[in-house]
Amino acid sequence: MPSEFGLVDLEEADTPGDEWEEIDVTDTEADRIARKRDREFEQFEKRIKDADQFKVEQSVFDDATFAALYKLVQDGHVEAFGGPISTGKEANVYHALGDDREVAVKVYRINASNFRQMRDYLEGDPRFEGLGGKKKDVVLAWVKKELANLERARKAGLRVPEPIATERNVLVMEYIGNEDGRAKRLGEVHIENPQTAYEVLREYMRRLYSAGLIHGDLSEYNVVFHEGQLVVIDLGQAVTVHHPNSRDFLERDCKNVAAFFRRQGLEVTTEEVLEFVTQPEPDPSRDG
């Protein structure tokens, strides 16, 4: 396969099963910092509020969010903040400097407008059994879920942003981009070899599925091209194969991928993608 879309070497990846971990959404150190409100924290909060890139966010950044950023700075995961990379209904992503490299800081809004949709992805995921209905708990669980999904995807051999740290509703991860800005999405670039890109992406889908996860929102908008590789992003909504809607999510991902590459001139169907992703391994979403 040409090196321009080189796959991650599976020999360097672990082989995870469909295990999962219980996710804790109790108060974090950031909540305690926000309650204590000492002088150093208040000075940090004022500096961030006065920074140009955060001024428009004061209405949606609560004290505990500033405390989460403060804790991440204290722990050495973030040294300086840059401007926004992207803004969305559920989160904003900021460019920042970490201890030895550039990082992306994803800040989820506690009062996310798509709160109900978040619950649809969380309900039925065995990692979140017993999760209450509070918006805060749902958003905090979502952040922990994105971290866990990124870690599992990396172990399965997908090229995804490396997760670095989380604190409350903030996730720090590898920055995918260069001095010219963020990496371009697949739908934003001219693909010289669509057949190769298709083969790499469907292999990533199969690896993720074999690791017990389904992306759930895969399309040309959640895959970027960076340094000769396809990188899958936005795994917050990814579900385990035991989620009650996992099959629907998988079929939708396959449909989106097939439709995109048909527009690139390939003869590919949803059924072909689905068969490749679920074979030759047995289909775990059909088990009991």
Side-chain angles (χ1 to χ4, degrees), residues 1-18 121 146 148-162 176 183-243 245-287:
M1 202 168 279
S3 59
E4 62 173 324
F5 293 115
L7 283 163
V8 174
D9 188 351
L10 265 182
E11 292 183 359
E12 298 178 1
D14 295 332
T15 306
D18 186 26
Y121 283 99
E146 183 161 10
N149 289 344
L150 285 168
E151 288 176 340
R152 188 185 295 194
R154 278 174 57 85
K155 288 179 180 178
L158 274 74
R159 179 69 175 95
V160 297
E162 177 190 351
I176 307 296
K184 297 293 186 183
R185 295 181 174 89
L186 201 56
E188 297 174 327
V189 298
H190 170 69
I191 304 173
E192 293 185 2
N193 194 337
Q195 180 65 39
T196 304
Y198 164 65
E199 290 174 4
V200 170
L201 188 54
R202 71 175 185 176
E203 175 62 23
Y204 278 172
M205 294 174 70
R206 179 156 71 172
R207 291 182 183 185
L208 192 65
Y209 184 77
S210 296
L213 282 181
I214 293 164
H215 188 284
D217 192 28
L218 191 63
S219 73
E220 65 270 25
Y221 302 107
N222 285 331
V223 180
V224 300
F225 182 64
H226 179 61
E227 295 182 345
Q229 287 187 312
L230 298 183
V231 184
V232 179
I233 61 173
D234 292 336
L235 272 81
Q237 74 293 316
V239 299
T240 75
V241 293
H242 297 292
H243 189 286
N245 297 324
S246 64
R247 186 72 181 190
D248 291 340
F249 293 152
L250 176 61
E251 290 177 356
R252 186 175 64 191
D253 285 353
C254 293
K255 180 180 179 180
N256 289 341
V257 169
F260 173 74
F261 283 104
R262 278 199 302 273
R263 293 196 295 274
Q264 307 304 310
L266 302 186
E267 294 183 3
V268 56
T269 67
T270 300
E271 292 73 24
E272 288 171 352
V273 181
L274 182 62
E275 181 179 4
F276 181 87
V277 172
T278 58
Q279 297 296 331
E281 299 293 331
D283 182 350
S285 69
R286 294 188 181 277
D287 291 350

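The first residue in the sequence is number 1, and the count goes up from there.
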Any residue meeting side-chain hydrogen bond (donor to acceptor under 3.5 Å, both in side chains) with [X], in chain and number order, not counting sequence neighbours:
X	answer
Q195	E199
Y121	R252
E188	R182

Is there a side-chain contact between [X] and [Y] (heavy atoms, below 4.5 Å)?
X	Y	result
V231	V224	yes
Y198	V273	yes
F225	K184	no
F260	I191	yes
I214	V241	yes
V223	V257	no
N245	V239	no
L186	F261	yes

To the nearest 0.5 angstrom, please state how far the NE2 atom of H243 sits from the CG atom of L213.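 Nearest 0.5 Å value for the NE2-CG distance: 12.0 Å.
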Which value, rounded to the nearest 0.5 Å, describes the distance between N256 atom CG and S219 atom OG?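 Going from CG on N256 over to OG on S219, the span is 5.5 Å.
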Is any NZ, NE, NH1 or NH2 atom of the basic residue among R206 and E203 found under 4.0 Å from an Asp or Glu carboxylate oxygen of the other?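 Yes, this pair counts.
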Run the salt-bridge test on K255 and E251 with the 4.0 Å N-O cut-off and return the result as yes or no.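 The answer is no: the pair does not qualify as a salt bridge.
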Taking salt bridge (charged side-chain N to carboxylate O under 4.0 Å, His left out) as the test, write out the residues that go with E162, two or more places apart.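 With neighbours one apart ignored, the set is R101.
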Can you pull the side chain to side chain donor-acceptor pair (under 3.5 Å) pairs that have at least one residue in residues 257-269, sequence neighbours excluded?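 Residue pairs passing side chain to side chain donor-acceptor pair (under 3.5 Å), neighbours aside: E220-R263.
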I need the minimum non-hydrogen distance between [X] and [Y], along with the two atoms involved.
X	Y	value
V160	A153	CG1-CB, 4.0 Å
A211	R152	O-NH1, 3.0 Å
N149	L235	ND2-O, 2.9 Å
C254	M205	SG-CE, 3.9 Å
R207	G157	NH1-O, 2.8 Å

Looking at Y204, does the NZ or CZ of R159 lie under 6.0 angstrom from its six-membered ring centre and within 45 degrees of the ring axis?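 Relative to the ring axis of Y204, which defines the angle, R159 lies outside at least one limit.
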Quick one: do D253 and V277 satisfy side-chain contact (heavy atoms from CB on, under 4.5 Å)? Show the steps, please. CA-CA 11 Å; D253 285 353; V277 172; over 6 Å; no
Holding to side-chain contact (heavy atoms from CB on, under 4.5 Å), I want the full list of residues that pass it with N222, two or more places apart in sequence or in another chain.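 side-chain contact (heavy atoms from CB on, under 4.5 Å) check on N222 returns H215, D217, I233, D234.
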